[in-house]
Amino acid sequence: MGKVGIIGVGQSAFVRTYPGSLKELAFEGFKEAVQDAGITSQEIDASVVCSAPEYDKQRSPAGIVAEYLGLNPQPTFYVETLCSSSSTGLKLAYSLVKSGLHDCVAVVGVQKMSEITSAESQERMGRGTDIQWESPFGTMMPAYYALFAQAHMNKYGTKPEDLSLIRLKSSFYGRLNEKAVFRKSLDMDQLTSPDSRLTDPVASPLRVGDCCANADGSSCVIVVSEEKAKSLSREPVWILGVGAASNSVNLTGRELFSGLPAAAEAARQAYEMAGITAKDVDIAEVHDCFTIAEMMAYENLGFAEPGGGKELIQGKETYMDGSIPVNIDGGLLSKGHPIGATGGSQIRTIVNQLRGEAGDIQVKDPEIGLVHNIGGVGLYGNVTILGR
Amino acid sequence: MGKVGIIGVGQSAFVRTYPGSLKELAFEGFKEAVQDAGITSQEIDASVVCSAPEYDKQRSPAGIVAEYLGLNPQPTFYVETLCSSSSTGLKLAYSLVKSGLHDCVAVVGVQKMSEITSAESQERMGRGTDIQWESPFGTMMPAYYALFAQAHMNKYGTKPEDLSLIRLKSSFYGRLNEKAVFRKSLDMDQLTSPDSRLTDPVASPLRVGDCCANADGSSCVIVVSEEKAKSLSREPVWILGVGAASNSVNLTGRELFSGLPAAAEAARQAYEMAGITAKDVDIAEVHDCFTIAEMMAYENLGFAEPGGGKELIQGKETYMDGSIPVNIDGGLLSKGHPIGATGGSQIRTIVNQLRGEAGDIQVKDPEIGLVHNIGGVGLYGNVTILGR
Amino acid sequence: MAKKEIDVRFKKFGTVSFTSTSKVNDFIDYLDQGKVVGTRCSKCGLDFFPPRADCFNCLGSDLEWFDAAADTGELVTFSKMKYGPVGFENDLPYTIAVADFGKYKIFGRMDNDLADEAIKIGMKVKVSANSLDNGNMNYVFKAA
Amino acid sequence: MAKKEIDVRFKKFGTVSFTSTSKVNDFIDYLDQGKVVGTRCSKCGLDFFPPRADCFNCLGSDLEWFDAAADTGELVTFSKMKYGPVGFENDLPYTIAVADFGKYKIFGRMDNDLADEAIKIGMKVKVSANSLDNGNMNYVFKAA
Ligand SMILES: [Zn+2]
Ligand SMILES: [Zn+2]
């Protein structure tokens, strides 16, 4: 079987409120990806639409999006793993191509979180976990990550200021990203002073500055077989490894509260499939919905030992000039987090880096890039390895 | 690459109101499939959860279902193509196995339509199509199929009584199916007399007797590689062909109103992949959410010429002893239609037939079976060919 | 971030509207003026009804409005609905239909004033802007 | 088909309940009696909290109730929430937590009477049935 690669990537600007419909939003990322691939949409022989349905009024968005993008009569379907939906979509596109069923698949990620009112949104957030056993206690996503932050701090001596260093890096690079929703550069004082709005508590020990923002946005990744790439005379970025794992929704099923085993297992699979180790990764995008999430990602991916994440950020090793640049497009903390579109945006950043087309944030000659994309609080773990 | 097959099938009883939660319902079909396969759930290395999310209060059902079934830390994800979700799940399971990423995948279909109130359900049904351009006119699924029935009758002279013959067959076999929600045997008088409740109009020309009922239910299909089947000493039913296609959601994008091109295209793909023609099919399950849907299926699958479906049913050719038995488990019209679970139930029926384990409805020595599963009114078309 | 004004004109479409914001919200203003407009790609010349903000063929977003109310179409199919979704109770019964205008099709409702017997596949129809009791707008087919 | 009576006891669980029907609805009756019960598989001997109606290990559905209120656990982690979802406004602020009881863990809330300073990872806790102002029930951790 031949290799499978990516020949086109695109995303819309990530914004608070998109002034159009879901399908129109999806068009923006799609158009960029198709033009980036230098193909017409007739070349695409299947599409995958990735999203989280509770933010849509539109039922069965795959059909409506495929129609708007001109992707009939090709098959299409909808896939969801919360915030990692488009990484799951990428894995499925890989398998559809690798298996020989298709040779050019568009992975469309889209989320219009502003489609519903903020009261409706709050209500849905209250149902983000097992609705029988956990939601009735009044849980929300920041509080779940806060539980992990608390345990991480207790076990390893991680400090709130260590987490703030992660947000500091994010804002440093977010300022350069024209498609990011949050482009202000922050300083350590704004992130740590008791007088700053960013240190207001959300769910202890996490504070406002530790959390990413909702956004509307879309992304698209065009996946092809080696043969198809040849026939189109395109040089793809190759998908070298895909790993995915799950963990129990109920925290009562977890063994560990200072890391996410589904991420570690997904990384193990992806490294093995790619035949590499963490040391071989030149650049990474990780799922920093909260600062603690990036800290745990360092450790789950093997960039640091468990508990060693704080030294990595203290030493600026995850900055552009460090030993392992992470989220130098601003990450979710600066870009915003339009659930279904997020994974595709991460993949786009890595593909652009591997092509040497990352502009201001281009690292020197990267050969291997990694995408870490999480659904829930480690419920769904996804790691993808890309290479030139 | 080796072949891909099915070693286990299961379904819950389909009922009006399941007296338990979504995950408990999912367990019923899963347990039957795992026991049918003669494996433990530890053998399963990935799961696909197939459903339509607007009927759930539970967000991201894949995680909650996988946890309840004991399928952590294996990857899981959610897939949706409305009423054909579990056929899409089967195609994805096929590709995940064929591509070498997994060797044993559980396709879990589940729908608890009674989870929401009937007012909520009605509201969602009102958003079943393009919410911008069609839903504001007050559309519902029976009316969509009615538009096709009207056009079919006008073009081919099909009569309401021809459609009633399809319901008559359904009820004849539904009576034998212990897992069906509707088990009464009907006679032609009940289906055609102006005094019968079953002839009350729903959306002209469709009447009460032409429509299937909502239901709660679950199904499960265990898909394995040839190698895995060998290592488990199981003789699978093989997946010989998978076809899928889409059509525009907005009817303004359709060329044809007397058939479903997405079904015909899916059939073409599946036949080609399996290297067979319609004549080679020994038994079929088709998507009869409405009587007209089964009529169009005859024609889209090539069991009859366009317009020739009425002669097929008039001649009882789709009965158990006819030339091409169709829906002799009672079909959706008798079994009920728990959206995400329906495709898996159809697959189960065909697998049992091909194994010679279909009991009262066993046809003689079938070698090739077909499953036709539609989402929307021909928005998503799926055809699967199975063989011994 | 300052809260921007959201253009919610599309809430005026249909007995119950499920969409507030679209890049083709001008459709509603035209409807107010008695026009039922589609869009035409200025590059490809393709006609789109319902109107689109983006052309799927050339991926361009330079589209012009055209008025369908001037054209005559042919009824393709129809169904008289005895039951409707929540919010449509007062409209019942009503008849939905598809009409073919050659370069495009339109999905909508038959004019309430048309008798059931007068509605036939193949009949010539015009599409017409229509005011609803709740102050909203839609469009209906009338015999041409 | 006659409409059957639906067992909706689970609506009584938590400040806002999102589930009405479950095969372990008896949990609510036990909670009313001051018991916080899990289930134990009679075949495998596995303890489940929250209680399950079916054992994922042996696929059996023959499970017995056990009372967790008798056991002592250890606090694994906690978070004090400043914001909550819709319907939880009157409870704020509150602290959610996970405690480890050896053969099983429990997710719940810390007793409101515990001072913030008294809540520490590693502290010994008991789980206790708790009545809510709206007439519903949940369970909380108290210092053991
Ligand atoms: Zn164009
Ligand atoms: Zn057991």
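Values reported hereafter were calculated over all heavy atoms of this structure, with side chains retained and with hydrogens, waters and symmetry mates removed. Proteins come first, then strands; the chains are lettered A, B, ... in the order of their sequence lines, and each starts at number 1.
Ranking B:S21, B:G70, B:G20 against chain D, the residue ahead of the rest is B:G20, based on heavy-atom pairs under 4.5 Å.
B:T199 places a side-chain N or O within donor-acceptor distance of the main-chain N or O of B:S196, the cut-off being under 3.5 Å.
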- [ ] Take B:K179 and B:D329 through the test salt bridge (Lys or Arg N to Asp or Glu O under 4.0 Å) and record every step on the way to the result.
- [x] CA-CA 10 Å; B:K179 296 199 170 187; B:D329 62 353; over 6 Å; no

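In summary, the side chains of B:S170 and B:S334 do present a donor paired with an acceptor at a separation below 3.5 Å, with no hydrogens or angles considered. Inspection of the D:S22 and B:E24 side chains reveals an N or O donor paired with an N or O acceptor under 3.5 Å.
Only the side chain of B:F30 comes within contact range of chain D, with at least one heavy atom under 4.5 Å from a heavy atom of that chain. Of the atoms belonging to B:K23, not a single heavy atom falls under 4.5 Å from chain D. In this structure, chain D has a heavy atom under 4.5 Å from the side chain of B:E28, while its backbone stays farther away. For a residue to count as touching a neighbouring chain, one of its non-hydrogen atoms must lie under 4.5 Å from one of that chain's; by this rule D:D54 touches chain B with backbone and side chain alike. If you measure heavy-atom distances from D:C55 to chain B, the contacts under 4.5 Å come from the backbone alone.
No more than 12 heavy-atom neighbours from other residues, nucleotides or ligands sit within 6.0 angstrom of NZ on D:K11.
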